[in-house]
Structures are given as structure tokens and as C-alpha cells.
Amino acid sequence: MIRLAYFSKEDFQQLIDWVPDASFIVQWSGPTFTYPLTKEQLEAYIEGANQPEALKYIFKVIDNATNEIVGHVSLGKVDRNNYSARIGKVLVGAADSRGKGDGAQIIHAALTFAFEKLNLHKVTLGVFDFNVSAIKCYEAAGFRRERILQDAAKMGDEYWTLIEMAILADEWTEKNDRRKS
């Protein structure tokens, strides 16, 4: 099992170490960061985060058994008028840890924060269409596809298509009620 804790300056190097190349950084963060990831970029990223009434919440993911940092996730674009936000920068850190269910736990924890602590109505995310394992993870959590943005990002000579997904609070509640029974 995992838990979320606020991401801070002390966590910068771990995140930097997890980002191997330019392609990875685009897939993970879209246009937010450039490669190589630097402490200066991360300073700007956390500015204003994790405060009461913040527009973004940034988390490190901690393995409860080992107390080690195993991932990262953010909840950004918090819109308190429309009760919505966007999950982003979902990362299971070490490559050999991927595919073991941590991603599902990270999404569950982020949605719990969004719907139960912030009382949001809708949470969205974007995922590139070739990231099949992430899409399956998001759909299993209750996200549904809302739209497709063809050629949304360019990596080298290749264009990547983005799938926009969303989940509503009542869909989350129903999914969790089924999980508990």
C-alpha cells in the first residue's frame, strides 16, 4: 500500500533521477518541463502548491512497508468555481517497479484527495494513446474517454495523440461503493 505526502525540495533529486530522457519527460509532464529536468524547474513547479486554497497539489508517493518514495503525482488546475481539477505527472518511479499495481493505488489516492478532501465534482487527465497500460489503469479507476486530440505533441519527427479522460464524483462514489462490498 502507498500514501501521498506533499512533494518538497528534499524530493527534487529523486524525481530528477527518475527522468532518463527527453521523450520520457514529454510523456510524463507534457510541456511543463524540459529535459534535462533541473532543480530550478522544480522550484517553479512547487511555487504556490500545497497551500490552503492552492491551485495545485503536488505529491510524492510513499510505500507504507518500506517508507521509501516510489512515485509522484499532481492534482493541478484546481477550479473551485467549477469544482474540478486535473491529475498529472503520474509516475511510478523505478522502471522495475512498474506493472505491479502501484499506478492504480496512486490514482486511487489522488482521486480520494480530490473527491473526499477537496469535494470536487470532476477530475480530468490526459494520456498519450500509445500508453496502453496507463489507459487501462485509468479506465479501471473509473475514468472514461471524453475526447481525442490528434497530433497534440511533437517528439522528434513524430506526433503523439492525446486522449482526454474524466471521472465525476458520483462515478467515483459508485465505483468505491462497489469496491467495498
Side-chain angles (χ1 to χ4, degrees), residues 2-9 11-12 15-16 18-19 24-35 37-61 71-93 103-129 131 134-135 137-155 159-173 175-176:
I2 59 99
R3 71 181 184 279
L4 301 182
Y6 289 141
F7 181 76
S8 67
K9 292 178 185 182
D11 307 312
F12 285 4
L15 188 56
I16 289 168
W18 283 333
V19 178
F24 184 91
I25 208 165
V26 171
Q27 184 177 345
W28 170 65
S29 74
T32 303
F33 300 118
T34 57
Y35 186 79
L37 185 59
T38 64
K39 291 179 180 179
E40 291 76 22
Q41 290 179 74
L42 293 173
E43 286 275 355
Y45 174 53
I46 66 168
E47 191 172 318
N50 306 335
Q51 304 296 322
E53 302 301 309
L55 300 179
K56 62 185 170 183
Y57 296 88
I58 304 168
F59 302 100
K60 59 186 168 189
V61 180
H72 184 89
V73 67
S74 69
L75 187 70
K77 298 187 179 182
V78 177
D79 179 338
R80 295 181 197 287
N81 292 323
N82 293 302
Y83 296 89
S84 64
R86 186 170 181 85
I87 288 179
K89 296 163 197 65
V90 179
L91 176 62
V92 175
Q105 291 182 56
I106 292 169
I107 294 302
H108 181 80
L111 289 173
T112 299
F113 183 83
F115 291 128
E116 296 179 13
K117 294 213 189 281
L118 298 182
N119 297 311
L120 299 180
H121 173 70
K122 181 178 185 177
V123 175
T124 64
L125 60 78
V127 59
F128 291 111
D129 66 348
N131 195 344
I135 293 166
C137 174
Y138 302 146
E139 288 176 337
F143 280 88
R144 60 189 155 54
R145 298 171 193 222
E146 283 200 323
R147 64 185 175 142
I148 296 174
L149 301 174
Q150 208 160 354
D151 295 350
K154 188 173 190 286
M155 177 51 57
Y159 285 93
W160 293 353
T161 296
L162 188 72
I163 300 172
E164 288 287 331
M165 303 181 83
I167 185 171
L168 301 176
D170 59 347
E171 295 166 337
W172 164 252
T173 301
K175 186 98 173 153
N176 272 339

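Start at 1 with the first residue, then count along the sequence. Computed from a prediction, not measured in an experiment: that's the story for all the values here.
Side-chain contact between L42 and D11 is absent, with no heavy atoms from C-beta onward closer than 4.5 Å. Between T161 and D151 there is a side-chain heavy-atom pair separated by less than 4.5 Å. Within the 4.5 Å cutoff, the side chain of L168 has heavy atoms near those of the H121 side chain. The closest side-chain heavy-atom distance from N50 to I46 is not below 4.5 Å. Looking at heavy atoms from C-beta onward, L4 lies out of side-chain contact with Y57 at the 4.5 angstrom threshold. Side chains of R145 and E139 form a contact here, defined as non-hydrogen atoms less than 4.5 Å apart. Between V127 and V90, the closest side-chain pair of non-hydrogen atoms is not below 4.5 Å. In this structure, F143 and V123 have side chains that are in contact, with non-hydrogen atoms separated by less than 4.5 Å.
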Distance-only donor-acceptor pairs under 3.5 Å for side chains of residues 26-35, two or more places apart:
{"residue": "W28", "atom": "NE1", "partner": "K89", "partner atom": "O", "Å": "3.0"}
{"residue": "S29", "atom": "OG", "partner": "I25", "partner atom": "O", "Å": "2.8"}
{"residue": "T32", "atom": "OG1", "partner": "S29", "partner atom": "O", "Å": "3.1"}
{"residue": "T32", "atom": "OG1", "partner": "K89", "partner atom": "NZ", "Å": "3.4"}
{"residue": "Y35", "atom": "OH", "partner": "P20", "partner atom": "O", "Å": "3.0"}

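Put simply, the side chain of H72 never gets that close to the backbone of V92: no donor and acceptor are under 3.5 Å apart. Within the 3.5 Å criterion, the main-chain N or O of A166 finds no donor-acceptor partner in the side chain of E146. No donor-acceptor pair closer than 3.5 Å links the side chain of K9 to the backbone N or O of K39.
Contact record, A110 with V73: CB-CG2, 4.3 Å, taken as the closest heavy-atom pair. Taking every heavy atom of both residues into account, C137 and I107 meet most closely at SG-CG1, 4.2 Å.
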**Request:** Take F12 and F7, measure what ring pair (Phe, Tyr, Trp, His ring centres under 6.0 Å) needs, and give me the verdict at the end.
**Result:** CA-CA 8 Å; F12 285 4; F7 181 76; 5.7 Å; yes

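Salt-bridge annotation for K56 and E47: absent, with no side-chain N of the basic residue lying under 4.0 Å from a carboxylate O of the acidic one.
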